[in-house]
Amino acid sequence: MSFQHRHLLGIEPLSPADITIILDLAEQYVTLNRSARKHSEALAGLTQINMFFEASTRTQASFELAGKRLGADVMNMAMQSSSLKKGETLIDTALTLNAMHADLLVVRHPHSGAVDLLAQKVNCAVLNAGDGRHEHPTQALLDALTIRRAKGRLHRLNIAICGDIAHSRVARSNILLLGKMENRVRLIGPPTLVPSQFAEFGAEIYDDMREGLNGVDVVMMLRLQKERMDGGFIPSEREYYHRYGLDAEKLACAKPDAIVMHPGPMNRGVEIDGEIADDINRSVIQEQVEMGVAVRMAAMDLLARNLREAPQTVMA
Amino acid sequence: MTTLLKNARLIDPEKSTETNGWLLIEGTVIRETGPAGPGEPAADEIIDCQGKCLAPGIVDIGVKVAEPGERHKESYRSAGLAAAAGGVTTMVTRPDTAPAIDTPEVLEFVRRRANEAAPVNVLPMAALTKGRAGREMAEIGFLMDAGAAAFTDCDRVVANTKVFTRALTYARGLGALVIAHVQEPGLSAGASATSGKFATLRGLAGVSSMAERMGLDRDIALLETTRARYHADQITTARALPALERAKGNGLDITAGTSIHHLTLNELDVADYRTFFKVKPPLRSEDDRMATVEAVASGLIDIISSMHTPQDEESKRLPFEEAASGAVALETFLPAALRLVHAGQLTLPQLFRAISLNPANRLNLSSGRLSKGAPADLVLFDPDTPFVLDRFTLNSKSKNTPFDGQRMQGKVHATFVGGEKVFG
């Protein structure tokens, strides 16, 4: 079994075996990252460019650190402020990157499908760091690694994803990944944020949070994306917190050893109670950040291996 | 001057027949048709059709020619050549240009340009409201005098119901045909896909198929009070069909169209964000597509249009949600429509009823039929010739077709407009 992909654009094209390969390699990088000399030569000589068309601190830092630990030359391009405002199209950007001989391209973009479009036009390996409301594959992979380490397995678990599912690429990637690994996924939120179409993905939908959390192994909270709330999907923050904010009382419905996850950044007091977020016995939120670096190292390492094996295409 | 087209398979949508025979053109009109065998008339010119299909030329309501404003996308010359090559003998053009065709002066400019440049008939439509802004009605009377074939704000819904009611009432007084885009604009704002599993998986903002029915329901209610002549440009969902059927049953002056793309493609064709498949309204589910095909076969949907919409590469090579909508279709219209014939869903006379006879009747044209005295606007085609479409062979200046690289069947061999051969 080997990892046969040129890009990491989403969870959708990955097989369960692909996912296991990434997670197994990531375990090795967790060990490396915890050692004194946190450095490998896996990406030595390669150029990694991080292009973020949408502001991000955490994901960009995680990819940057992952690349640096693997010995790549890492460059960050803050795209939200630069050339797009000057009218350059995504295709022009791709041609520019080809001319720079980038090897790995990490892209975040506010529009669904934009990363796919870029991947069709560039010669390098592309990693999707989040496109619109479509996918955010490394987030789902790091969540999977966190769950596997905490629960000892990544199958036959009951996992609840709570909050703004409709606008969340994290939710889509997680639903796909957890489904592929044969877990039961529950989606919890008001019907305006959890459209019924998600039932077609094999998920169970709950609008009552206590009912939805009953007996789950994992509680995955999502950020309430205030910036996407253009149409008034919920009446108010305080009503949302009352019905869907994770507090001790609602968490008591889950299994006693259920873990609490959040992709960050958190809105304390909107979707999650501050004390739960900081409870080291329940919350694995800090561990998620750690796994993020390891998973991104693994993904880039695997893509770089394929890049070195494949004959370099001549630039168009 | 007489021309005899002999040894043809005559597709007659009026009589719903498909017969072997001949057709005699005298000057600009059809003089006679007759069955194969002895008794063919003499003529100045004789064309042996070798058993190919001869049908009334296509009357295509809703063609976008990007003049004035964006001639680099499509001119009357390029659109006219594309139409001739596609068997479209009458283009009924849209006013969603820049500026919009909303004054008699612009309409006259367009008519002059069209007559100079296009080898086929061009009938321009005019905007229903000034600037297609939905606030004040355009000069419907003057525009009719200047030759406007119908009035439409194209893909913009006149959201202000009072403005729309007044425009319908005023148009009724003049006997003008109003063509509307049926959509609930609040629901469809910002959407680039039909809501459902596919849109959810791709993370695209979707519009419920209910938005089309709500738009149609509103317009039907207004027709009950205004009794205007009305045509819904594109009905594409199963949910809208019962409302349409009831409105027709109640005797309202309503007809409905659909687009060739909604009859031959579905939402899954968008696949990994292929923007050439982005149209307005968005492609629908397979269930909706099948229901729409059945409605065309039954005659509930009267007219199929190409909804030809040229877009340049720059406006399509963008992330799906940012990319422009629309597809060129004049040249692929007939081969795409023949897919429905080859699939056994429509007969050839049924097809030409929807693409020639019905649109001509709706616009009070004498074309669209093979009867004596009708204009000799004809298309000669072989429904079976296979080919693989290469978009760069299209005559349109813009090459944004969803059928690029696809296997198609059916080739136009000749197109006649007013008895004159304009293609082939």
Side-chain angles (χ1 to χ4, degrees), chain A residues 7 9-13 53-54 84 87-95 107-121 128 130-137 165-173 175-176 179 187 194-203 205 228 230-232, chain B residues 184-211 237 266-279 282-288 311-325 399-400 402 404-405:
Chain A
H7 307 295
L9 300 177
I11 297 298
E12 198 192 352
F53 294 89
E54 196 178 74
L84 279 200
E88 184 176 271
T89 69
L90 207 52
I91 306 296
D92 295 330
T93 308
L95 296 175
V107 189
R108 170 169 288 188
H109 198 284
H111 287 294
S112 302
V115 181
D116 292 60
L117 177 67
L118 203 55
Q120 289 163 22
K121 306 289 173 187
N128 183 357
D131 64 321
R133 46 168 100 168
H134 177 220
E135 282 231 46
H136 190 356
I165 313 282
H167 299 98
S168 173
R169 52 197 175 215
V170 175
R172 275 174 185 69
S173 288
I175 293 165
L176 290 169
L187 305 177
V194 188
S196 57
Q197 286 101 15
F198 280 95
E200 293 185 47
F201 294 85
I205 295 178
R228 297 252 166 90
D230 53 355
Chain B
E184 207 298 301
L187 282 178
S188 62
S192 59
T194 303
S195 46
K197 187 182 177 189
F198 180 77
T200 304
L201 187 63
R202 286 287 174 269
L204 295 172
V207 54
S208 163
S209 58
M210 194 57 93
T237 61
N266 70 27
E267 58 185 351
L268 299 181
D269 286 301
V270 170
D272 47 354
Y273 305 101
R274 292 150 75 188
T275 56
F276 282 8
F277 291 80
K278 183 177 178 183
V279 292
L283 290 175
R284 306 301 196 182
S285 70
E286 180 62 7
D287 288 347
D288 280 331
Q311 298 288 3
D312 55 16
E313 304 283 306
E314 282 65 39
S315 53
K316 280 289 188 182
R317 285 200 307 194
L318 290 170
F320 195 83
E321 290 180 310
E322 288 185 312
S325 295
K399 313 292 183 191
N400 54 309
D404 185 41

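Chain letters run A, B, ... following the sequence lines, proteins first, then strands; residues in each count from 1.
- Only the side chain of A:Q120 comes within less than 4.5 Å of a heavy atom in chain B; its backbone stays farther off.
- For chain A, no part of B:S192 is nearby; none of its heavy atoms comes within less than 4.5 Å.
- Counting heavy atoms from C-beta outward, A:F201 and B:L201 have side chains that approach closer than 4.5 Å.
- To the nearest 0.5 angstrom, B:E322 atom CD is 11.0 Å from A:S112 atom OG.
- Nearest heavy atom pair, residue A:L117 against residue B:P319, reads CD2-N, 3.6 Å.
- Taking A:D116, A:I175, A:V115 one by one and counting their heavy-atom pairs under 4.5 Å with chain B, the maximum is reached by A:D116.
- Using a 4.5 Å cut-off between heavy atoms, A:L9 does not touch chain B at all.
- Contact tally against chain A (heavy-atom pairs below 4.5 Å) for B:E314, B:R274, B:R202: the top residue is B:R202.
- Summarising the geometry of A:Q197 relative to B:S195, their closest heavy-atom pair is NE2-CB, 4.0 Å, with the distance given to 0.1 Å.
- Side-chain atoms of B:R317 and A:L90, non-hydrogen and from C-beta on, never get closer than 4.5 Å to each other.
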